[in-house]
Amino acid sequence: MIQSLEEINEEIKEKSIRVKIIELRSQGWTRKKISEQLLITIKKVRYWEKKFNTTGPLLSERQKEKRLLFAKHHLEKNTDWQKVVFSDETWFYLEGSCGKIWRQWGELEDSVFENLSKFSPKVMFFGGIAYDWISTLIKCPKRVNAESYRKCLVSKCGLFTGMDNLHGKKNWLFMQDGAPAHTAKTTITYLEKKCNILQNWPANSPDLNPIENLWGIMSRRLNEIDIKTVKNLEKVVREVWKNIDWLMIENLINSMERRLKLVVQLKGDCINGYF
């Protein structure tokens, strides 16, 4: 069954409890005291501790340091994350005649840990979300380079007009990761004429980007739909994107401060699974 809005919000609420468990443990609280405070069992406290201490990509010490500096900077600056557009590209896969599977890179949910055929048909999309704005979902060319990123993706998704109308010209930030097409000199020059770029996004940090969670939610919804062709996959992906609930996006954007606080608590380590 496809998740309802109530189920999704309950999932977000539960993940907030998980974050609180780790926060209190880092402050020296006993499991018994946490269970009494949060009205959950000691067994539940142990479960989330174990699960989130054993998941996530390996980060170098240098990457952890960069993540920690990024988190501290924005917490001290009190960055208004409701004026930030979070962007990303992702693949959705169609699994041959034996069924289907969509997997977003970095997704850690057990339900999507399945083997994909090396030649499984797939479609890549680019999108962006903000607290009060969502982009047009753009199908990516087979190869995304600096030119196609600028001309086919960023310029056609409604980013500049949409955010300028809401917040004023250049009175908002654009977040992108460090992919070569994003950080090419021609791309940066183009973007700086149109908007302010969120600086120093740390490498290997999809766990900090709220849109990654949205890709995961979309994947789980798509897994409940019987899709036979790539053409139909494209159509359904767009429909799911179009019908994303605003409250869910707002909750994801508003999680940024908690994400950064958790990065500080974990001394720069990965927070995959907490959100």
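Side-chain atoms are counted along with the backbone in the values below, which use heavy atoms only and exclude waters and symmetry mates.
G127 and S135 get closest at one heavy-atom pair: CA-OG, 3.5 Å. Of all non-hydrogen atoms in A146 and T186, the two that sit nearest each other are CB-OG1, 3.8 Å. When every heavy atom of L153 is checked against every heavy atom of K139, the shortest pair comes out as CD2-O, 4.1 Å. The nearest pair of heavy atoms linking R221 to I244 is NH1-CD1, 3.9 Å. The minimum heavy-atom distance linking Y131 with I253 is given by the pair N-CG1, 3.8 Å. Contact detail for A130 and V85: the closest heavy-atom pair is CB-CG2, 4.0 Å.
For the pair K122 and W91, the cation sits on the ring face: its NZ or CZ lies under 6.0 Å from the ring centre, inside 45° of the axis.
Looking at Q82 and N254, their side chains do bring a donor and an acceptor atom within 3.5 Å of each other. Side-chain contact check for S148 and N145: at least one donor-acceptor pair (N or O, by modelled atom type) lies under 3.5 Å. For the residue pair H73/N200, the side-chain donor-acceptor check at 3.5 Å is not satisfied. Donor-acceptor pairing under 3.5 Å is lacking for the side chains of S155 and R150.
Grouping the Ile, Leu, Val, Met, Phe, Trp and Tyr side chains by contacts below 4.5 angstrom, directly or via other members, places I225 with W241. Linking ILVMFWY side-chain heavy atoms closer than 4.5 Å, directly or via other members, places W215 and V230 in a single hydrophobic cluster. Taking hydrophobic clusters as Ile, Leu, Val, Met, Phe, Trp and Tyr residues chained together by side-chain heavy-atom distances below 4.5 Å, M256 does not share a cluster with L69. Under the 4.5 Å side-chain heavy-atom criterion for ILVMFWY residues, no single connected hydrophobic cluster contains both L38 and I42.
By the 4.5 Å heavy-atom criterion applied to side chains, N251 and M248 are not counted as neighbours. For the pair T41 and S35, the minimum side-chain heavy-atom distance is 4.5 Å or more. At least one side-chain heavy atom of T187 sits under 4.5 Å from a side-chain heavy atom of L191. For the pair F70/L260, a side-chain contact is recorded, criterion being any heavy-atom separation below 4.5 Å from C-beta on. At least one side-chain heavy atom of Y149 sits less than 4.5 Å from a side-chain heavy atom of Q176. By the 4.5 Å heavy-atom criterion applied to side chains, F92 and L222 are counted as neighbours. Inter-residue side-chain proximity for R67 and S205 is flagged as met; some heavy-atom pair is nearer than 4.5 Å. Inter-residue side-chain proximity for I134 and W246 is flagged as met; some heavy-atom pair is nearer than 4.5 Å.
From D177, atom CG reaches atom CZ of F86 across 12.5 Å, with rounding to the nearest 0.5 Å. From K142, atom NZ reaches atom CE of M124 across 12.5 Å, with rounding to the nearest 0.5 Å. Note that CG of L39 is 13.5 Å distant from NZ of K44, once rounded to the nearest 0.5 Å. The distance from the CG atom of N232 to the CD1 atom of I227 is 6.0 Å, given to the nearest 0.5 Å. Taking CE of M175 as the reference point, atom CG of L208 lies at 8.5 Å (rounded to 0.5 Å).
Salt bridge status for E257 with K261: present, with a side-chain N to carboxylate O gap under 4.0 Å. For K267 and D269, the salt-bridge test fails: no basic side-chain N is under 4.0 Å from an acidic carboxylate O.
Note: F160 and Y190 have perpendicular aromatic rings, judged against thresholds of 30 and 60 degrees for the angle between ring planes. Using bins of under 30°, 30° to 60° and over 60° for the plane-to-plane angle, the ring pair H74/W81 lands in the tilted bin.
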Residues L252, R259; criterion side chain to side chain contact (heavy atoms under 4.5 Å, CB included); working and verdict: CA-CA 10 Å; L252 289 173; R259 291 172 195 255; 4.1 Å; yes
E61 vs K64, salt bridge (charged side-chain N to carboxylate O under 4.0 Å, His left out): CA-CA, chis, key distance, verdict: CA-CA 5 Å; E61 291 304 313; K64 291 180 184 179; 3.6 Å; yes
Derivation and outcome, side chain to side chain contact (heavy atoms under 4.5 Å, CB included), residues V237 and F125: CA-CA 9 Å; V237 168; F125 287 94; 3.7 Å; yes
Pair D207-E212, side chain to side chain contact (heavy atoms under 4.5 Å, CB included): steps then yes or no: CA-CA 7 Å; D207 53 324; E212 298 285 350; over 6 Å; no
Steps toward salt bridge (charged side-chain N to carboxylate O under 4.0 Å, His left out) verdict (E65, R62): CA-CA 5 Å; E65 180 183 343; R62 182 60 174 166; 3.3 Å; yes
Side chain to side chain donor-acceptor pair (under 3.5 Å) evaluation trace for D164 with W172: CA-CA 8 Å; D164 283 350; W172 51 277; 2.8 Å; yes
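Heavy atoms of other residues, nucleotides or ligands lying less than 6.0 angstrom from NZ of K170 number more than 12.
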